[in-house]
> 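First the structure, which I've put down as structure tokens, then a few questions once you've had a look.
Remember, predicted model here, so these are calculated numbers, not experimental data. Numbers here are sequence positions counted from 1.
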Amino acid sequence: MYKSIIRPILFQSDPEKIHYFTFSSLRFLNKIPGFSSVFNSLYEVKHKSLETEVFGLKFKNPVGLAAGFDKDAKLYKELSNLGFGFIEIGTLTPKPQEGNPKKRLFRLKEDSAIINRMGFNNGGVFAAAERLKKNKNVLIGGNIGKNKVTENENAASDYEICFEALFDYVDYFVVNVSSPNTPNLRALQDKEPLTQLLQTLQNKNSAKAKPKPILLKIAPDLTDEQLLDIIDIVAETKIAGVIATNTTISREGLQSPNQVEMGGLSGKPLTKRSTEVIRFLSEKSNKAFPIIGVGGIHSAEDAIEKLNAGASLVQLYTGFIYEGPSLIKKINRKILEQRLR
């Protein structure tokens, strides 16, 4: 029903306006008594064999929602009712910021893809932390970044502010230095500044009574040499793992006329490259750290490929928009089928 009726209607309107309309609709429906149970019964797959323990956390299933969808932690409970095992909020910055000028979100229908140049639009980390105080049982990842006006040499301070503000309210952290939509942000992926940034956060983390897992989200556009650097950095800083991958700046093989738009590309064109990065990191590191696989998952088979390549968990974003919430159920059923063999 989603692909044949709901999606064609939604895709008639501006993508960003539809995003907020969907938010409002989900919030409204979940306020109707019994509706959250209806969503659970439609989309959730419950089974002991789906439970997955990674970096010391127990996930009820290995399928999560990637950062960028619920930036401000406004809908994590409602989204979890659709069958996700965990929700990653953000990217959050210390100060609220509007992001880049609109129009900044584009559907590439012929490629089952999206280009975004949102620019870390969010209401600030402190407002999100207030909302997360109400969380009861949703496993939450906190994706953190720097404000656009913060120079790279001062970036660590922004990440530290976000880390401290969210520490009591998230289960794991994600350091985002790989978005192509904040000027010069990707320069922080270079070995020296990235090592310094992660070590700064790890020092703060180690001082806590119960440290939280810190992960690094990387771009799919890194070379093999840069990926080897990532492996070295993870070993040196002892962070918990890597999320592979963010959006790409590549436009190779696209069919859609609006492929010329600037920004990060997500969706089906990223499927192969994301899996390649996962496999490279897993094999070259000898499976030394967990990987969350994200990028171009539009089917259960896509998710299984990433798990087989070395991912411990997977996340959806563009596939969720194109395929609908039934994709979560299909993936979990396929994983369960494999685990019960």
Side-chain angles (χ1 to χ4, degrees), residues 47-67 84-86 88 139 141 143 171-178 189 191 194-195 197-199 201-202 205-206 211-246 248 270-297 299-316 331-332 334-341:
H47 199 284
K48 190 78 175 173
S49 296
L50 278 175
E51 292 179 4
T52 305
E53 189 164 329
V54 188
F55 36 79
L57 298 175
K58 183 175 280 189
F59 298 80
K60 65 180 181 180
N61 69 63
V63 184
L65 179 65
F84 286 111
F86 59 108
E88 192 171 306
L139 199 153
N143 189 301
D171 297 284
Y172 69 88
F173 284 93
V174 180
V175 177
N176 186 356
V177 291
S178 53
Q189 289 184 122
K191 191 168 187 178
L194 184 54
T195 302
L197 171 60
L198 293 175
Q199 194 60 62
L201 291 174
Q202 275 292 62
N205 199 27
S206 299
K212 300 280 176 77
I214 297 177
L215 290 85
L216 171 67
K217 189 164 188 176
I218 63 171
D221 309 305
L222 298 180
T223 64
D224 286 357
E225 184 179 353
Q226 289 173 311
L227 290 174
L228 290 172
D229 283 344
I230 295 296
I231 292 171
D232 289 342
I233 291 167
V234 173
E236 184 176 340
T237 60
K238 296 181 172 58
I239 62 167
V242 169
I243 297 185
T245 61
N246 211 322
T248 180
L270 196 52
T271 307
K272 181 182 176 184
R273 177 56 187 162
S274 173
T275 304
E276 286 173 353
V277 171
I278 293 165
R279 182 173 289 110
F280 185 95
L281 291 174
S282 180
E283 291 179 354
K284 296 297 182 182
S285 71
N286 198 24
K287 301 182 179 179
F289 49 84
I291 300 168
I292 298 180
V294 55
I297 299 176
S299 68
E301 289 71 25
D302 291 337
I304 295 298
E305 277 186 9
K306 283 179 168 46
L307 293 170
N308 289 342
S312 302
L313 305 165
V314 294
Q315 289 179 325
L316 309 179
I331 294 171
N332 276 319
K334 191 74 173 178
I335 293 170
L336 182 59
E337 176 188 313
Q338 294 210 342
R339 290 185 178 181
L340 291 177
R341 280 179 183 170

> Applying the side-chain contact (heavy atoms from CB on, under 4.5 Å) criterion to Ile218, which one of Val277, Ile243, Asn246, Asn176 satisfies it?
Val277

> Could you measure the distance from the CG atom of Leu316 to the CD1 atom of Ile331? Nearest 0.5 Å is fine.
4.5 Å

> In terms of side-chain heavy atoms, does Glu88 have a donor or acceptor partner in Gln315 at a distance below 3.5 Å?
yes

> Does Thr237 reach the main-chain N or O of Thr195 with its side chain, forming a donor-acceptor pair under 3.5 Å?
no

> Using every non-hydrogen atom in the two residues, find where Phe84 and Lys60 come nearest and quote the distance to one decimal.
O-CE, 3.2 Å

> Using side chain to side chain contact (heavy atoms under 4.5 Å, CB included), reason through Phe86 and Leu313 one step at a time and then give a plain yes or no.
CA-CA 10 Å; Phe86 59 108; Leu313 305 165; 4.1 Å; yes

> Which pair of non-hydrogen atoms, one from Leu281 and one from Ser285, has the smallest distance, and what is that distance?
O-OG, 2.6 Å

> For the CD1 atom of Ile230 and the CG atom of Leu194, what is their distance to the nearest 0.5 Å?
5.5 Å

> Is there a side chain to side chain contact (heavy atoms under 4.5 Å, CB included) between His47 and Leu340 once you walk through the steps?
CA-CA 10 Å; His47 199 284; Leu340 291 177; 3.9 Å; yes

> Assess the residue pair Phe55 and Leu215 against the criterion (side chain to side chain contact (heavy atoms under 4.5 Å, CB included)); give the C-alpha distance rounded to whole Å, side-chain angles, the decisive distance to 0.1 Å, and a yes or no.
CA-CA 10 Å; Phe55 36 79; Leu215 290 85; 3.7 Å; yes

> Any side-chain heavy atom of Ile335 sitting closer than 4.5 Å to one from Thr52?
no

> Rounded to the nearest 0.5 Å, how far apart are CD1 of Ile291 and OG of Ser312?
7.0 Å

> Could you walk me through whether Arg273 and Glu276 pass the salt bridge (Lys or Arg N to Asp or Glu O under 4.0 Å) check?
CA-CA 5 Å; Arg273 177 56 187 162; Glu276 286 173 353; 3.4 Å; yes

> Identify the two heavy atoms, one from Ala240 and one from Pro290, that lie closest to each other, and give their separation to 0.1 Å.
O-CD, 3.0 Å

> Drop me the distance from Leu227's CG to Phe280's CZ, to the nearest 0.5 angstrom.
5.5 Å

> Is the Phe59 ring parallel, tilted or perpendicular to the Tyr172 ring (thresholds 30°, 60°)?
tilted

> Please walk me through it: do Glu305 and Asn308 pass side-chain hydrogen bond (donor to acceptor under 3.5 Å, both in side chains)?
CA-CA 5 Å; Glu305 277 186 9; Asn308 289 342; over 6 Å; no

> Take atom NZ of Lys191 as the centre, draw a 6.0 Å sphere, and report whether it contains more than 12 heavy atoms from other residues, nucleotides or ligands.
yes

> What are the two closest non-hydrogen atoms of Leu57 and Asp171, and how far apart are they?
CD1-O, 3.6 Å

> I'd like to know if the side chain of Gln189 reaches the main chain of Ser178, judged simply by a donor and an acceptor atom lying under 3.5 Å from each other, with no hydrogens or angles considered.
no

> Looking at Ser274 and Lys306, what are the two nearest heavy atoms and their distance?
OG-CE, 3.2 Å

> May I have the step-by-step check of side chain to side chain contact (heavy atoms under 4.5 Å, CB included) for Gln226 and Thr223, ending in yes or no?
CA-CA 5 Å; Gln226 289 173 311; Thr223 64; 3.3 Å; yes

> Return the CG to CG distance between Leu336 and Asn61, rounded to the nearest 0.5 Å.
10.0 Å

> Which residues satisfy the side-chain contact (heavy atoms from CB on, under 4.5 Å) test with Thr248, sequence neighbours excluded?
Pro220, Asp221, Ser250, Leu265, Leu270

> Within the side chain of Lys334, is there an N or O that forms a donor-acceptor pair under 3.5 Å with the backbone of Ser299?
no

> Which residue, Val314, Leu50, Val54, forms the side-chain contact (heavy atoms from CB on, under 4.5 Å) with Pro62?
Leu50

> Do Ser282 and Lys287 have side-chain atoms, one donor and one acceptor, less than 3.5 Å apart?
no

> Compare every heavy atom of Ser206 with every heavy atom of Pro211, then report the nearest pair and how far apart it is.
CG-CA, 4.4 Å

> Could you grab the distance from atom CD of Gln338 to atom CD1 of Ile304, nearest 0.5 Å is fine?
4.0 Å

